[in-house]
Every structure is written in C-alpha cells, then in structure tokens.
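Since the structure is predicted, the reported quantities are computational estimates derived from the model, not experimental observations. Naming convention: chains lettered A, B, ... in sequence-line order (proteins, then strands); numbering from 1 in each chain.
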Amino acid sequence: MEITKLSFAFRHRRLFHNLSLQVGAGELVHIAGPNGAGKSTFLATVAGLLTPAAGTVAYQGSDGPIQDRRDALEYLPAEANGLYLKMGATQNLQFWSRLRGLNLSPPEIWTALTPWNLNHPLLRDGFAVEKFSTGMKRRLALARLQLSPAVGWLLDEPVYGLDAEAMTIFTNMLSQHLAKGGFALMVSHDLLPFAGLITKTVVIGGKPGTVEAA
Amino acid sequence: MITAEDRRELYLGAILLTLVVGHWLAAFYYAPVDEHQGEVYRIMFLHVPSAITAFASSAALAVFSVLGLKRRSEASLALAKATAEVGLLFTVLTLATGSIWGRPTWGTWWTWDARLTTTFLLALLYCGYLLLYAAMPTGPSRIRACAVLGILIFADVPIIYKSVTWWRTLHQPPSMLRAGGSTMEPEILWTLVLGIVILCLYGAWLIRFRSRNIRLADTLEAASFDQLQT
Amino acid sequence: MNNITGIATDAQPFIIMAYSLGALALLGYAHWCLLQRVKLRQLVAAVQQPHSAAIPPI
Amino acid sequence: MSSPFWRHYRTLVSQGIQAELADLERLVSPVLFALTTLLLFAFAIGDVEPALRVHIYLAETFLTALFALQINFSRLFEPDRQDRVFDLMRTYPVDHTAWFLAKYTLVLAMGSATLGPTLGFAAFVNQSPSQPLFSWVVVGVAAMALAGLAALGVLLSAMTLKANARQILYPLLYFPLATPVLLAAVQSSQLYLSSGQITADVRAWLGLLLGFDVIYITLGALLFTELVDES
C-alpha cells in the first residue's frame, strides 16, 4: 500500500500534512502521537470513511493495482466494534463474512469463535451481543478481523478492553497475519505486546507527518 | 472596513433596486386600467414576478446542489443555502401579495388556487432545506445531504403542481388570477415581463451577496478553530 | 406615498399594503445582509491584527 | 445469479429482516400508533352521514398510513447507527445500489406490515351495513403509494442520519415532499369508490402516482450512493 502526501483538515484544522508512507507485505506500522492529534482520523481516512484534503492512498496488489480499496482493507474502529447489538454473535460474523464473499456455515463460524472462547452454545446464538461485556465485544470484533480475507488491517486501539489472555491471542493472530504477507496500521496506547513486530512508526501531531523507521 | 469589492457589489445592488422601484412606478401609471378588476390587478406586477423568482430559485437550488455533489465544495453549499433563503423570501412575498390580491377579488384572504398552494408547499420545502442545513455539522456530509435534498425539492415541485392543479380542477375552474383574460394588452404584458426580468436579477444579486456573507462566516469559523489550536 | 394620485380609491389600500410588504421584504433582507457584511468585515479586520493568528486575505 | 450485486442484496435484506425480528418493538409500534391515530380520528370526527362516510374513511386511512409509515422510515437505519455498523459497512466492498435496494425492500416489508393493519382496521371501524368500505383497489392504491414513499423514506433517512434533532427534522422534510402521494391516493380511491369502476380520472391519478414512484426509485438509487460515499 502506498500513501503519498496525504493531508487532512478537520473543521479547517490541519491534522496531518503531506504524510507519505509505503507499507509492504509483513509490515506493522505503529501510528504514534499525542491524544487528539488525528491518529484515528488518519486511519479513518485510509479506510475511506473521510475525504482527505489532499493526497492519495494507492493499493498495489501482487497482481497490479487494486480497484476497490475496500477489498484490501479491514477496519477496526477505536470505540466501536460494528456489531448489530440486538443480534447474536454467529449472526454478526456470518453477516460480515458473507459481505466479504465467504459462505461460512454456523459450525465454521463457531470454530472461528473458539480461540476467543466465545464458542459457548448459550453465548454464540440467540444471545443479543449488547449483553456482552466490553472485552467480549472486542474479542468478537477481532474474530471478524481474523475471518476477513483482507490483506491490510487498520487497527484503532485493538487491545482496548482485552484481558492479558486475549491480548496474547491477539498478538499471535497479528504475527500470523504479518507472516502470511499481510500488513497492518495500528494505533495503540499499549505497545508492550507488539515490541518485536513493529517495523515502522508514523508520528502524527508531533513533527508534521514524518516517518521514522522503528 | 468595507472593501472596494463590497462597494462595487452595493452599487450594483442599488442600481437593481432603483430598477425595481422604477418598474413599480410603471406598474402604477404606465399600465392601463384592467376592465375586469379595475386597479387592484396592479398587484400582479409584484405577485407574478415574485412567484417566478421563487420557482426560479428552486431551479437554481438544484443547479447548485448538483454542483455541490460534483465539486463537494463549501462554495456551492453557500450558494445553495443563500438560494434557499432568498427563495423562501420570495415564496412568502408571493403568498402575501397573492392573499392581499385575493381579498378584494374573491372576498377571502386565501383560496386553494393551484399556484398559491404549490407556492405554499415550496415555502415549506425551503424551510426544510434550511433546517437540514442548520441541523448538520459543518463538513462534507452536510454538503452532500443538502445537495441531495436540493435535488429532491426540484424534482418534487412539478409533481406537486400537477397533483394540486388536478385536485383543484375537480372542484373549481382555474382561478381568474390571470388579469385581462387570456390575451393581455401589450402594455400590461410588457410591464409584467419587465417586472419578471428585474426581480429575477435582483433575486440573483441577493443570492450572490448573501452567499459571500456565508463564505465569509465560514472562513471566520475556520480562523476561530485555528485560534483554538494556537 | 400616502395618496397615489390617479389610482381608484377603493383599490388603493390593497395596492399600498402589497407593495409596502414588497418593499419591506426586498429592502429589509438586503439591509440585513448589508449589516451582516459590515459585521463580518469588522471581525476580519480585528482578526488580522498582528497579534492574532494569520488569516488568508479575504 | 451469484454475482456480488445479488449476493450483497440478499445478505443485506436477510440481515435487515433478522434485525427487525430481533427487535419486535420496531414492527409493533408503528401499527399501534396507526390504530391509536384511527381512534383519535373517529373520536374527533364522530358520526358522519352516509354521503360523506367514504370520503372521511379514505382521508382517515391515508393520513394515518402517511403518519405511521413515517415512523418506519425515520427509524430505518437505527440498527445500523448503533456501534458504527453503518460506517463499517461503508468500508466493506458493498455495492451501493444493492444497499439501497436492500433497504428499499426492507422498508417495503416493514411498510406493508404497518399498512395492512391500518387499512383493515380503518375499514373495520368505519364500515356500516350499507357500506362495506374495504376494497382491494384501495389496497392496490395504497401499495402504489407505499412504493414511492418508501424510496423517498430511505433517501431521507440516509440523508438525516448524521443530523441532530432528527426526530423532528424528518417529518418536516417528509410530509411536504409526500403531499402528491396523499392527494393521488385519496382522490383516485374516492373516484373509484364513488363510481365503482376505474374511470379515466382514476387512471390519470394512478398515472401520477406511478410517475412519483418511478422518479423517486430512480432518484433514490442514484442519490443514495452520493450520501453513502466517503465521510
């Protein structure tokens, strides 16, 4: 993925300016910067939710440029998990995976729930997700991420609300994703678990959009 | 404080305003007395141009809305918002003069005449547009939402007009708002056409002037956010 | 404008009412826009003083 | 038919229906609102001599339908607004026209679930021995009205998604735009019920209703994409 001279002004306030970045296979880019600097805005812009003031985001697939960035990216918002709160865990995962073109049967969905120990007969079906705890909702969102064939992950505070055990599951999942040639852009206040994985750091809000190799 | 540009704009506005007043004088003295309605038909020279400007504004709103969708710029939104405001002004003026004209002509302040009813709905649609503009936070999503509504309004006006006209013809033959029967004497016709042209130009001037105010206010809002930053 | 000579008296009040409403609308709105323009220009001038953040020329 | 368009469409429709079934309140409350409104009309209007009964019945029915449908339409994106599902959906490779058609189909289903009881109950409470008011032509007219209103409803719902004071803003935009449908529905039904067959006038009104439907379905499909694109 190639980001060239991306800049974004929110309500006329310049958040990041002329930010350029190459992200290749297997790379984990850490988005650093003080609170309110625009880290989440940067991820949302790359995800296509916000119109950048200037600059482009280009996606270079192995067999040539990717037409629709949405095929290549899976986005995990910071303070939300994109779940139909009145519906069950399996229904949620089935919906998002079907939109990605995967036709998974319920048992296949259950196996995807297992690593996040959400694969309990009482929890996985007919149990509204709104009754889940914050950590359980986050784990369900991460299960969606794991199911997604998208090559690039845009992670906004992925470990928010996770306990230590879920944290290690996520770290393994992330390293497998990177090993398979995927990449990820991540905003995270807690960097300890990802020490070895980060290949680049982008500072937003400090010096204007510079890129330092970690 | 007033820049040279403002001054030029105001001169143009003053000229247009004198043209409007000049036309009014022509409407009073140049146009002959109408054999059916006598003198009161002279209200037509304000009522009809105002109505046409109001409906022309809905077309302008649609044009700026399509521009807004294409360019997604605050400038086109400012123009669209100014158009909705001026359009509302002229619809209200049309309704007021229509009802004042109706009083001596039919003895009532309001009749469900197809054109008046459509104008009334157009006023509500303009209010809806301004409400949506006020209800949305500044940004691209507001530009898009207002643009789509602007197009919807323009698409709906003809349907409203046709349905209201049919609704009225079932109950009452088309009203006699058109003074001097179908063939107007040339003096009346020309005075009316002149009035329409002048008022449309004045309306356009109002839209331009108001939209520059909106742009100015947007820039100051941006500056206040920058001020927040330092 | 209280007695427009040459106009039949019975129609006069309605014509006066209509056209004064017209004048009120057309002039009133323009006047409001003008006042607003002056206020905005004053704000811009105040903002462009040396001590405050630079603002692009308008 | 497994091209992405229809797959997205089927997925979105089935998800929408499940979201409705998961939260039955969303289906029940518009119907209850409609029945209450019909009672209010009955209390306000009171007894009506037979000549006017048909006209009053039609006015009541279509006004109540217009109000009740507005509730369905304005709450259409409620499940998607929660937990930023709507934003996440925009980062997924979903065909926007399929998305509009899915929401349109969903709101047609919800609308019929409201319209059915409304028409039935209105005829039920307004009937009299000499005038059984229920007529399938009126139901057909109502269906045509729903077809147009639904497209308008989906578009307005997506448009006001991010507006504050949405609950009051929505009706202020919806009702003026929907007046031609109300006029056409009441007039065509009344002409039919009074004459007993589809006269030229009735056909004219139905033509206008059809025009409204076609315009708003095409405008809906075109403009929905504009609303859903970036930001």
Side-chain angles (χ1 to χ4, degrees), chain B residues 58 62 65-72 84 88 91 112 114 117-171, chain D residues 86-87 90 148 151-152 155-188 190-191 194 201-202 204-205 207-216 218-220 222-231:
Chain B
S58 79
S65 298
V66 170
L67 267 177
L69 282 186
K70 287 258 169 319
R71 281 208 304 248
R72 301 221 169 129
L88 178 60
T91 42
W112 287 102
T117 314
T118 311
T119 310
F120 186 82
L121 273 166
L122 184 56
L124 291 179
L125 293 173
Y126 281 136
C127 291
Y129 182 93
L130 295 173
L131 278 173
L132 180 66
Y133 180 91
M136 298 279 287
T138 317
S141 55
R142 176 169 73 169
I143 296 174
R144 236 188 304 275
C146 288
V148 168
L149 183 59
I151 294 169
L152 279 190
I153 289 174
F154 181 67
D156 211 41
V157 165
I159 306 173
I160 291 177
Y161 180 67
K162 185 180 278 293
S163 59
V164 170
T165 311
W166 282 356
W167 174 51
R168 289 318 305 148
T169 46
L170 294 181
H171 299 276
Chain D
F86 185 80
D87 281 343
R90 283 174 36 228
L152 174 65
L155 206 52
L156 286 181
S157 198
M159 185 193 300
T160 53
L161 199 70
K162 294 202 172 71
N164 34 40
R166 233 158 39 84
Q167 280 68 23
I168 186 59
L169 180 66
Y170 194 94
L172 290 177
L173 301 179
Y174 166 78
F175 287 124
L177 288 169
T179 42
V181 173
L182 181 67
L183 276 176
V186 173
Q187 292 302 322
S188 54
Q190 196 189 330
L191 286 171
S194 55
D201 271 353
V202 174
W205 278 111
L208 184 124
L209 203 48
L210 194 64
F212 185 93
D213 296 353
V214 166
I215 287 175
Y216 271 90
T218 32
L219 266 184
L222 288 173
L223 294 177
F224 182 80
T225 316
E226 294 298 332
L227 287 170
V228 164
D229 269 346
E230 283 107 79
S231 96

Check your understanding: Using non-hydrogen atoms only, which part of B/Y161 is less than 4.5 Å away from chain D: side chain, backbone, both, or neither?
Key -> neither
Review point. Contact part of B/L122 toward chain D, heavy-atom cut-off under 4.5 Å: side chain, backbone, both or neither?
Key: neither
Check your understanding: Which distance, rounded to the nearest 0.5 Å, do you find between the CG of D/L219 and the CZ of B/F154?
Key -> 11.0 Å
Study note, to complete from the structure: Between B/A145 and D/L227, the two heavy atoms sitting closest are CA-CD2, 3.8 Å
Review point. Between B/I159 and D/Y216, what is the shortest heavy-atom contact and its length?
Key: CD1-CE1, 4.4 Å
Review point. Do you know which two heavy atoms are closest between B/G128 and D/L169, and how far apart they sit?
Key: O-CD1, 4.5 Å
**Study point:** Contacting moiety of D/I215, where chain B heavy atoms sit under 4.5 Å
**Key:** side chain
Review point. Given a strict heavy-atom distance threshold of 4.5 Å, which part of D/A158 is in contact with chain B: side chain, backbone, both, or neither?
Key: neither
Revision key, fill the gap. Separation between CG (B/L121) and CZ (D/F175), nearest 0.5 Å, reads 13.0 Å
Review point. In terms of heavy-atom pairs under 4.5 Å, which option from D/L222, D/L172, D/L183 contacts chain B the most?
Key: D/L183
Review point. So B/V164 and D/T179, side chain to side chain contact (heavy atoms under 4.5 Å, CB included) or not? Walk me through it.
Key: CA-CA 9 Å; B/V164 170; D/T179 42; over 6 Å; no
**Study point:** Side-chain touch B/D156/D/F212, heavy atoms, less than 4.5 angstrom
**Key:** yes
**Study point:** Per-residue contact mode, D/I168 against chain B (heavy atom under 4.5 angstrom)
**Key:** neither
Check your understanding: Which atom names give the shortest non-hydrogen contact between D/N164 and B/A135, and what distance separates them?
Key -> OD1-O, 2.5 Å
Practice item. Heavy atoms only: give me the nearest B/L132-D/A163 pair and the separation to one decimal. Key: CD1-CB, 4.3 Å
Exercise for review: Find the one option among B/L124, B/I153, B/L125 whose heavy-atom pairs under 4.5 Å with chain D are most numerous.
Suggested key: B/L125
Review point. Around B/Y133, counting heavy atoms of other residues, nucleotides and ligands shown, do more than 12 lie under 6.0 Å from its OH?
Key: yes
Review point. Between D/K162 and B/M136, what is the shortest heavy-atom contact and its length?
Key: C-SD, 4.0 Å
Exercise for review: Show the numbers, then the answer: is there a side chain to side chain contact (heavy atoms under 4.5 Å, CB included) between B/L152 and D/L156?
Suggested key: CA-CA 10 Å; B/L152 279 190; D/L156 286 181; 4.1 Å; yes
